[in-house]
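Heads up, the thing below is written out as structure tokens.
All values below were derived from every heavy atom in this structure, side-chain atoms included, with hydrogens, water molecules and symmetry-related copies excluded.
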Amino acid sequence: MAENVVRLHKPTDPPAPDTAPTVLTVVPDASPARPVPLWVRSGRAVKTAATHESTRATVRAVARHGLYTFNGGRIVARRAWDGRTGSRYERMIRAAEAAGNLEAAEEWDERLQCFRAARHHRRMDLLHSPVEAAKGVAVGAGMSIGVLVALGVVTALNTGHVGDVITPLTATIDFIALLIRIVQVVWGPALSVGPFLALLALWSVGRKQQAAPNWALPANVRSGEGEPITPSIVVKALRDLGVPALRNAIKEMGDAGASMLGPIRIAGCGVEVDVTLPSGVSTNEVQSKRRKLAENLTRHEHEVFITIPQAARTVRLWVADSGALDEPIGPSPLVTDESMTADYAKGRAPWGQDLRGDAAALSLYQRHLLITGLSNQGKTVALRSLALWLALDRSVQFLMGDLKGVGDWAMFDGLASTLIQGPTDEHVIQVTEMVEGAVDEMNRRIQAPPGTVFPPLIVLVDEAQVAFMCPAKDAEKRPYGGSKANSRYFMAVRKIHNQGRAVNVLMWQGTQDPTNENLPKLVREGAHTRASLALGTESQARMALGDKAVDGGAAPNLLRPGLDRGTLVVASDGITIPAGQSSITVRTHYIDDDAAKVITDRAKALRDGVTTLHAIEREEEHDRLADIAAVIGDAPRVRTKDVLARLATKNADAYGDWSFIDLKRVLDDVDAGPYKSDGVMVVARDRVARALANRDGDGSASAAG
């Protein structure tokens with residue numbers, strides 16, 4: 001007999017076949033949820049209400065306005081106390097003493113003595129004032145009554161009524177009675193409203209001074225965005241800097257700590273103020289806490305710059321408006337002014353703007369140049385913008401080597417005499433020979449008659465670190481890279497640094513991520529104008545700009561990589577630097593490739609046409625050491641003058657312009673250098689033969705010239 005199945009839940013499995021046994025499934029009801037206790041629900045409600053933004057805003061508003069009134073009373077009381085006592089003068093004296101300014105302390109002490117003398121004189125006058133006041137009241141009352149009676153007599157004579165004699169006196173008495181009645185009517189409400197008006201006045205004073213804790217202030221004030229820099233804010237920021245001597249000195253000054261500050265001046269997109277530090281506080285203690293000082297001033301670290309002017313114990317703070325440094329500057333005048341020309345000797349290249357918003361222009365006259373920084377920070381663009389301006393002077397000649405080789409300098413094809421582009425060792429060899437050719441040109445100019453004027457020759461190498469790190473060697477085993485005395489690129493740059501300026505042969509280099517290996521000390525210190533974009537460490541900043549600039553506040557290592565792209569810290573006498581500073585921060589104009597091509601087209605139009613070489617033509621290879629041995633022959637020694645003459649006869653193209661220095665360099669490299677014998681310089685056959693045998697025994701290749 002089939003049974004009826006009562007299903008108490010929805011089936012989730014497929015129905016069973018009819019042959020399956022019938023099963024009665026009973027699913028028990030879920031147990032009821034445990035009720036939340038009343039005290040828990042109440043606590044949650046209270047917590048929600050207490051932490052609600054409306055509640056918090058109400059609490060802040062109540063606290064803020066209450067503290068405005070309370071602290072406003074304190075401010076008014078202190079002002080009254082300062083006005084009645086000499087406390088203000090005493091604070092100024094303590095502030096001057098803490099700052100070590102004894103002259104100012106003496107001046108404030110004299111003012112305090114004058115104030116005390118005047119106060120004593122006033123108090124002595126009070127001893128006689130009651131009698132004098134009584135006499136004055138009596139005389140005044142008598143004269144007033146006399147005047148009123150006289151006026152009444154005149155009135156009586158005019159009207160003929162004797163009673164008019166007292167009419168003015170009666171009118172005056174009635175007027176006084178009216179004033180008394182007005183006072184009686186107003187006195188009661190005034191007593192009730194007066195305290196509220198007084199509290200309102202105190203609240204107004206407190207509100208104007210923002211006399212409340214930071215957490216109670218409105219959101220737009222509490223965030224500090226756009227907060228103006230005032231003396232009190234600067235003093236508080238210095239006080240909370242974490243320098244005990246500075247904090248204690250400011251406490252001794254009271255609220256007169258602003259005496260440390262010079263005037264706050266508008267400076268471009270920010271303000272500038274000089275701070276004279278009290279005795280016992282050094283400038284580097286403030287410099288080392290730049291981030292904390294910036295945060296105390298409600299600014300980001302990159303918006304505060306600290307430099308050291310000439311005045312002793314003084315730091316100069318430049319504080320940017322919030323977000324102002326993140327705004328781009330305008331386009332370069334090279335782009336906007338198509339009529340602009342250049343003057344190498346007297347002009348200045350429009351490079352960008354300083355932090356004050358003034359135009360930053362750089363003189364390039366007889367100054368070697370070095371620009372460095374991390375990769376992709378705008379080094380090539382900054383260097384190229386100077387070359388673009390100088391190209392508008394038709395007298396300037398360029399020799400260019402781009403060891404990156406991605407076309408950043410391609411627009412100078414047809415403008416530069418030589419343009420080598422590429423990152424390989426072969427390109428480094430070509431660039432090295434280009435620089436050595438500039439050295440030969442420099443030597444030719446030096447030997448010219450005095451007074452000869454030469455056109456400017458700019459030898460520009462971008463990504464110069466590739467040359468310094470090149471492992472290739474020439475046939476004489478001299479390395480192209482490195483910083484040894486026989487390193488070809490290094491020595492060529494050094495020679496131009498030493499003597500090129502006098503004959504207008506200048507070396508410009510751009511490098512990345514400087515180290516002692518890829519930017520030797522002698523090379524970086526040979527540049528007159530040194531500029532750096534963002535760097536990683538302070539030690540790199542010292543390599544880039546020198547110790548003097550960094551000790552004076554230059555800090556390219558504090559620039560933000562990527563965000564401060566194109567911002568340079570410059571140390572040079574070719575740019576206007578504020579008095580007392582050793583460097584200046586410049587935000588350079590950005591000139592893209594298309595705009596650069598337009599400018600170089602204008603520069604090419606000024607010239608008759610320049611054929612650009614993309615490779616250095618090498619002389620036919622020959623063995624210099626073997627040629628020297630050949631011209632010596634069997635003689636034990638030969639005068640250097642005769643050796644040079646025989647070499648020129650043997651191969652005029654290779655040795656015709658050789659000097660004693662060239663001969664000495666080749667022989668010194670193999671320890672066979674000339675020496676003096678019988679008062680003349682000679683070359684020994686044995687030394688040359690031994691050097692030749694040693695070289696051939698080592699399997700060295702022939703020296704190529």
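Among the candidates V273, T276, D274, the single residue satisfying the side-chain contact (heavy atoms from CB on, under 4.5 Å) test with L261 is V273.
Here the side chains of T230 and V234 are not in contact, with every heavy-atom distance at 4.5 Å or above. Looking only at side-chain heavy atoms (C-beta outward), L374 and L533 stay at 4.5 Å or farther from each other. Using a 4.5 Å cut-off on side-chain heavy atoms (C-beta onward), V569 and L559 make contact. In this structure, L334 and M340 have side chains that are in contact, with non-hydrogen atoms separated by less than 4.5 Å. Using a 4.5 Å heavy-atom threshold, the side chains of M260 and L277 count as separate. M124 is listed as a side-chain neighbour of H120, based on a closest heavy-atom distance under 4.5 Å. At least one side-chain heavy atom of L317 sits under 4.5 Å from a side-chain heavy atom of I306. No side-chain heavy atom of V185 sits less than 4.5 Å from a side-chain heavy atom of R181.
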Problem set entry | Residue pair L568, I584: steps toward the side-chain contact (heavy atoms from CB on, under 4.5 Å) verdict | CA-CA 8 Å; L568 286 162; I584 186 172; over 6 Å; no
For this session: Mind running side-chain contact (heavy atoms from CB on, under 4.5 Å) on K289 and V243 for me, showing each step along the way?
Result: CA-CA 9 Å; K289 295 182 177 293; V243 181; 4.0 Å; yes
For this session: Quick one: do L364 and W389 satisfy side-chain contact (heavy atoms from CB on, under 4.5 Å)? Show the steps, please.
Result: CA-CA 10 Å; L364 303 174; W389 176 80; 3.9 Å; yes
Problem set entry | Residues T585, D354; criterion side-chain contact (heavy atoms from CB on, under 4.5 Å); working and verdict | CA-CA 6 Å; T585 301; D354 61 15; over 6 Å; no
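Within the 3.5 Å criterion, the main-chain N or O of V304 finds a donor-acceptor partner in the side chain of R290. Within the 3.5 Å criterion, the main-chain N or O of W81 finds a donor-acceptor partner in the side chain of T85. Remark: side-chain polar atoms of H121 are not paired, donor with acceptor, to backbone N or O of R119 under 3.5 angstrom. At distances below 3.5 Å, at least one donor-acceptor pair connects side-chain atoms of Q377 with backbone N or O atoms of G562. Between the side chain of D337 and the backbone N or O of P333 there is no donor-acceptor pair closer than 3.5 Å. Between the E303 side chain and the H300 main chain, a donor and an acceptor come within less than 3.5 Å of each other. Side chain of W203 to backbone of G72: no donor-acceptor contact under 3.5 angstrom is found. A side-chain donor-acceptor contact under 3.5 Å links R299 to the backbone of A320. Between the side chain of R316 and the backbone N or O of I308, no donor-acceptor pair lies under 3.5 Å. For the pair R530 (side chain) and T372 (backbone), a donor-acceptor distance under 3.5 Å is absent.
Across all non-hydrogen atoms, the minimal contact from G552 to S582 is CA-OG, 3.7 Å. The two residues G373 and L535 have their closest heavy-atom pair at CA-CD2, 3.6 Å. Shown here for I577 and S572, the closest heavy-atom pair between the two residues is CD1-O, 3.4 Å. Between I329 and Q353, the closest heavy-atom pair is CG2-OE1, 3.6 Å. Nearest heavy-atom pair, S385 versus I591, reported as atom, atom and distance to 0.1 Å: CB-CD1, 4.0 Å. Across every non-hydrogen atom of A541 and N557, the tightest pair is CB-OD1, 3.7 Å.
Residues D573 and R367 are paired through a salt bridge, judged by an N-O separation under 4.0 Å between the basic side chain and the carboxylate.
Rounding to the nearest 0.5 angstrom, the gap separating the OH atom in Y68 from the CD1 atom in I75 is 11.0 Å. Atoms CG and OG1, on L148 and T155 in that order, are 10.5 Å from each other to the nearest 0.5 Å. The OG1 atom of T588 lies 12.0 Å from the CG atom of L362; values are rounded to the nearest 0.5 Å. Rounding to the nearest 0.5 angstrom, the gap separating the CZ atom in F70 from the CG atom in L199 is 13.0 Å. One distance of note links CD1 of I176 with OG1 of T172; it measures 6.5 Å at 0.5 Å rounding. Between atom CD of residue Q113 and atom CH2 of residue W108 there is a gap of 14.0 Å, rounded to the nearest 0.5 Å.
For CZ of R291, the number of neighbouring non-hydrogen atoms (other residues, nucleotides, ligands) closer than 6.0 Å is 12 at most.
With sequence neighbours excluded, the residues forming a salt bridge (charged side-chain N to carboxylate O under 4.0 Å, His left out) with R542 are E538, D547, D551, listed by chain and number. The salt bridge (charged side-chain N to carboxylate O under 4.0 Å, His left out) check on R111 picks up E107, with sequence neighbours excluded.
Between the side chains of W351 and H589, no donor-acceptor pair is found at a separation under 3.5 Å.
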